[in-house]
Enquirer: 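Can you keep this structure in mind? I'll have questions shortly.
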Amino acid sequence: MYNGKRNRLGLCCIFRDEDITFKSRQATYIERLDKENRLEQISVTVLHNASSLVRAIDYCAMNGIGCFRVNSRMLPLKTHPKLHYALTDLPDYALIMDLFETSRGFARKHNIRLTFHPDQFTLLSSPREQVTEKSIEELIYHAEVAELIGADVITLHGGGAYGDKAGALGRVMENIDRLPYAVRSRLALENDDRVYSPMDLFPVCEKMGIPLVYDVHHHRCLKDELSIDDVTGLARKTWDREPLFHLSSPKYGWSGNDIRSHHDYINPDDMPESWKDLEVTIEIEAKAKELAVSQLQQELARLARVA
DNA sequence: AGCGGTCAAGTTGAT
DNA sequence: ATCAACTTGACCGCT
């Protein structure tokens, strides 16, 4: 860990300069192949991704990065309605499992926390049962990979409000009760920047025993009556393990007309002072990826020396 | 090799 | 009505 601080910074999904990549496949292309070729193409892609995951964790270990968020497309098209497959169907199944096992062991050895953040199509608030069913399937897929590689968090947003926040959150709670243990034990809810503030989500978190991922940038975009330090304290209490927070800086500054889009780097002033000495994981959502994490590590270390 | 159009999926709010 | 934004641009066909 850098500078003796107890918090750890996390890198999200991809690298900017480092030659570590994750691939995906397009459904329309795969669909045109016959069954054998479909599995072959997907297998090669998954093998590449699993190998990149090992390298990503290694990079984090070598660079004092304590957390890595894993791309949801690790197993591309795994939950596609027509193209879905089982890991055991893949020709490179054994190799892939070896690499996942290596990832898990490596992450544990170097104390690198692994997380997931499923995409915007995964939500538990929709009034449409079909959407909910697909979402639960998607969550089960994430949990399957999470078990294999040893990831402990799957972060979701509240989703839409549909003109009735209380009703939507009611559905979220009902649907959390439908989740299998592998999902539920990893699920966390994150405040977003236009619908659900921390204040909106705390009651759900409390009732359901689900931790809150506190995104301070979103909170600055969508304020409620709670201060940053209020939410920091309340969010920490929702975790029975190390809390997970998110941090980013606005691309055009706080006085720009779009404060929501993310900057390439983090302005250290945007890091809440109270976070600096907490034992928490802070995922860095910045376009420059590993360069942004590295720069923030250095800035924070420098500021700590000055102070 | 490089370029432009396209990509499975949901919802919101700006234009 | 269209589109960008959201946790991440990457893929594919054509030249």
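Proteins get letters first, then strands, A, B, ... in listed order; numbering begins at 1 in each.
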Enquirer: Quick check: do A:Val204 and A:Ile210 have side-chain heavy atoms less than 4.5 Å from each other?
Expert: no
Enquirer: Base, sugar-phosphate, or nothing for A:Ser135, non-hydrogen atoms under 4.0 angstrom?
Expert: nothing
Enquirer: Start at the 5' end of DNA chain B and walk down; is the nucleotide closest to A:Gly159 or to A:Thr28 reached first?
Expert: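 Residue closer to the 5' terminus by nearest nucleotide: A:Thr28.
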Enquirer: Would you say A:Thr122 places a side-chain N or O within less than 4.0 Å of OP1 or OP2 belonging to B:dG10?
Expert: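 For A:Thr122, the contact criterion (side-chain N or O under 4.0 Å from OP1 or OP2 of B:dG10) is not met.
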Enquirer: Applying the side chain to side chain contact (heavy atoms under 4.5 Å, CB included) criterion to A:Glu144, which one of A:Leu139, A:Val183, A:Leu87 satisfies it?
Expert: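 When side chain to side chain contact (heavy atoms under 4.5 Å, CB included) is applied between A:Glu144 and each of A:Leu139, A:Val183, A:Leu87, only A:Leu87 qualifies.
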Enquirer: For A:Glu137 and B:dA9, give me the distance from atom CD to atom C1', rounded to whole Å.
Expert: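 That distance rounds to 11 Å.
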Enquirer: Does A:His84 put a side-chain nitrogen or oxygen below 4.0 Å from OP1 or OP2 of B:dA8?
Expert: no
Enquirer: May I ask you to verify whether the side chain of A:Arg73 and the base of C:dT8 hold a donor-acceptor pair under 3.5 Å?
Expert: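 Such a pair is found, so the answer is yes.
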Enquirer: Among C:dC6, B:dA8, C:dT8, which nucleotide has an atom closest to any side-chain atom of A:Cys13?
Expert: C:dT8
Enquirer: Report yes if a side-chain nitrogen or oxygen of A:Arg194 is closer than 4.0 Å to either non-bridging phosphate oxygen (OP1 or OP2) of B:dA14; otherwise report no.
Expert: no
Enquirer: Would you kindly give the CD-to-P distance between A:Gln120 and C:dA4, to the nearest whole Å?
Expert: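 About 14 Å, once rounded to whole Å.
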Enquirer: Determine the interatomic distance between P on B:dT6 and the same-named atom on C:dA4; round to the nearest Å.
Expert: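 Per the computed distance, 13 Å lies between those P atoms.
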Enquirer: Given that A:Ile14 and A:Gln26 both sit by DNA chain C, which one's nearest nucleotide is further toward the 5' end?
Expert: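 Its nearest nucleotide lies further toward 5', so the answer is A:Ile14.
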Enquirer: Please give the nucleotide sitting opposite C:dT8 as a Watson-Crick or G-U wobble pair, both distances under 3.5 Å, or none.
Expert: none
Enquirer: Would you measure the distance from the P atom in B:dG5 across to the matching atom in C:dC6 and give it in whole Å?
Expert: 23 Å
Enquirer: Counting only side-chain N and O atoms of A:Tyr162, is one of them less than 4.0 Å from OP1 or OP2 of B:dT11?
Expert: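 Checking B:dT11 against A:Tyr162, a side-chain N or O does come within under 4.0 Å of OP1 or OP2.
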Enquirer: What is the distance, rounded to the nearest whole Å, between atom CG of A:Asp200 and atom C1' of B:dT12?
Expert: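 One finds 15 Å between C1' of B:dT12 and CG of A:Asp200, rounded.
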Enquirer: Side chain of A:Ser24 only, heavy atoms from C-beta on: which candidate in C:dT7, C:dG13, C:dC11 is closest?
Expert: C:dC11
Enquirer: Do A:Ser197 and A:Asn191 have side-chain N/O donor and acceptor atoms under 3.5 Å apart?
Expert: no
Enquirer: So, OP1 or OP2 of B:dT11: does either fall under 4.0 Å of a side-chain N or O from A:Arg128?
Expert: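 It does, given that an N or O in the side chain of A:Arg128 lies less than 4.0 Å from OP1 or OP2 of B:dT11.
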Enquirer: Heavy atoms under 4.0 Å, any strand shown: does A:Lys23 hit a base, just sugar-phosphate, or nothing?
Expert: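 The answer is sugar-phosphate, as A:Lys23 gets under 4.0 Å only of primed atoms, P, OP1 or OP2.
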Enquirer: Can a side chain N or O of A:His246 be found less than 4.0 Å away from OP1 or OP2 on C:dT7?
Expert: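 It does not, given that no N or O in the side chain of A:His246 lies less than 4.0 Å from OP1 or OP2 of C:dT7.
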Enquirer: Mind checking A:Ser126 for me? I need base, sugar-phosphate or nothing, with any heavy atom below 4.0 Å counting as a touch.
Expert: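 Result for A:Ser126 = sugar-phosphate.
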Enquirer: Tell me the interatomic distance from A:His217, atom NE2, to C:dC6, atom C1', rounded to whole angstroms.
Expert: 11 Å
Enquirer: Just call it for A:Leu77: base, sugar-phosphate, or nothing, with non-hydrogen atoms closer than 4.0 Å on any strand.
Expert: base
Enquirer: Considering only the C1' atoms, how many Å lie between C:dC3 and B:dC7, rounded to the nearest integer?
Expert: 16 Å
Enquirer: Does A:His157 put a side-chain nitrogen or oxygen below 4.0 Å from OP1 or OP2 of B:dT11?
Expert: no
Enquirer: A:Asp258 has an atom CG; how far is it from atom P of C:dC3, in whole Å?
Expert: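 Rounded to whole Å, this separation is 18 Å.
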Enquirer: Would you kindly say whether A:His142 and A:Ser72 are connected by a side-chain donor-acceptor distance under 3.5 Å?
Expert: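 Side chains of A:His142 and A:Ser72: pair found under 3.5 Å.
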Enquirer: Using a heavy-atom cut-off of 4.0 Å across all strands, would you classify A:His218 as base, sugar-phosphate, or nothing?
Expert: sugar-phosphate
Enquirer: Which part of the nucleic acid does A:Arg32 contact within heavy-atom distance under 4.0 Å: base, sugar-phosphate only, or nothing?
Expert: sugar-phosphate
Enquirer: Salt bridge (charged side-chain N to carboxylate O under 4.0 Å, His left out) with A:Lys289: which residues, sequence neighbours excluded?
Expert: none
Enquirer: Looking at A:Asp152 and A:Arg241, does any basic side-chain N land under 4.0 Å from a carboxylate oxygen?
Expert: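 Answer for the salt bridge query: yes.
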Enquirer: Would you say A:Lys134 places a side-chain N or O within less than 4.0 Å of OP1 or OP2 belonging to B:dG10?
Expert: no
Enquirer: Any base atoms under 4.0 Å from A:Asp192, or only sugar-phosphate, or nothing? Heavy atoms, all strands.
Expert: nothing
Enquirer: For the pair made of NE2 in A:His117 and C1' in C:dC6, what is the distance, rounded to whole Å?
Expert: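 Taking NE2 of A:His117 and C1' of C:dC6, I get 8 Å after rounding.
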Enquirer: Between B:dG2 and C:dT8, how many Å separate the two C1' atoms, rounded to a whole number?
Expert: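 It works out to 23 Å between them.
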Enquirer: Under 4.0 Å, heavy atoms only, any strand: does A:Glu138 hit a base, just the sugar-phosphate, or nothing?
Expert: base
Enquirer: Within this structure, what is the CG-to-C1' distance between A:Leu124 and B:dG10, rounded to whole angstrom?
Expert: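 Going from CG in A:Leu124 over to C1' in B:dG10 covers 13 Å.
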Enquirer: Verify the stacking flag for A:Phe121 against B:dG10: centroid separation must be under 5.5 angstrom and the ring planes must differ by under 30 degrees.
Expert: no
Enquirer: Measuring from the side chain of A:Pro127 (C-beta onward, heavy atoms only), which nucleotide among B:dG10, C:dC12, B:dT11 has the closest atom?
Expert: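 In terms of side-chain proximity for A:Pro127, the closest of B:dG10, C:dC12, B:dT11 is B:dT11.
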Enquirer: Looking only at atom P, what distance separates B:dG10 and C:dA10, rounded to whole Å?
Expert: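 Approximately 23 Å lies between the P atom of B:dG10 and that of C:dA10.
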Enquirer: Tell me whether A:Arg186 is salt-bridged to A:Glu147, with the criterion being a basic N under 4.0 Å from an acidic carboxylate O.
Expert: yes
Enquirer: Among A:His217, A:His117, A:Glu190, exactly one meets side chain to side chain donor-acceptor pair (under 3.5 Å) together with A:His246. Which residue is that?
Expert: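 It is A:Glu190; the other options fail the test.
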Enquirer: Across the strands shown, which category fits A:Phe116 at heavy-atom distances under 4.0 angstrom: base, sugar-phosphate, nothing?
Expert: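 Here A:Phe116 touches no strand at all.
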Enquirer: Tell me which nucleotide, if any, is Watson-Crick or G-U wobble paired with B:dA9 when both distances must be under 3.5 Å.
Expert: none
Enquirer: Rounded to the Å, how far apart are A:Met74 CE and C:dT7 C1'?
Expert: 16 Å
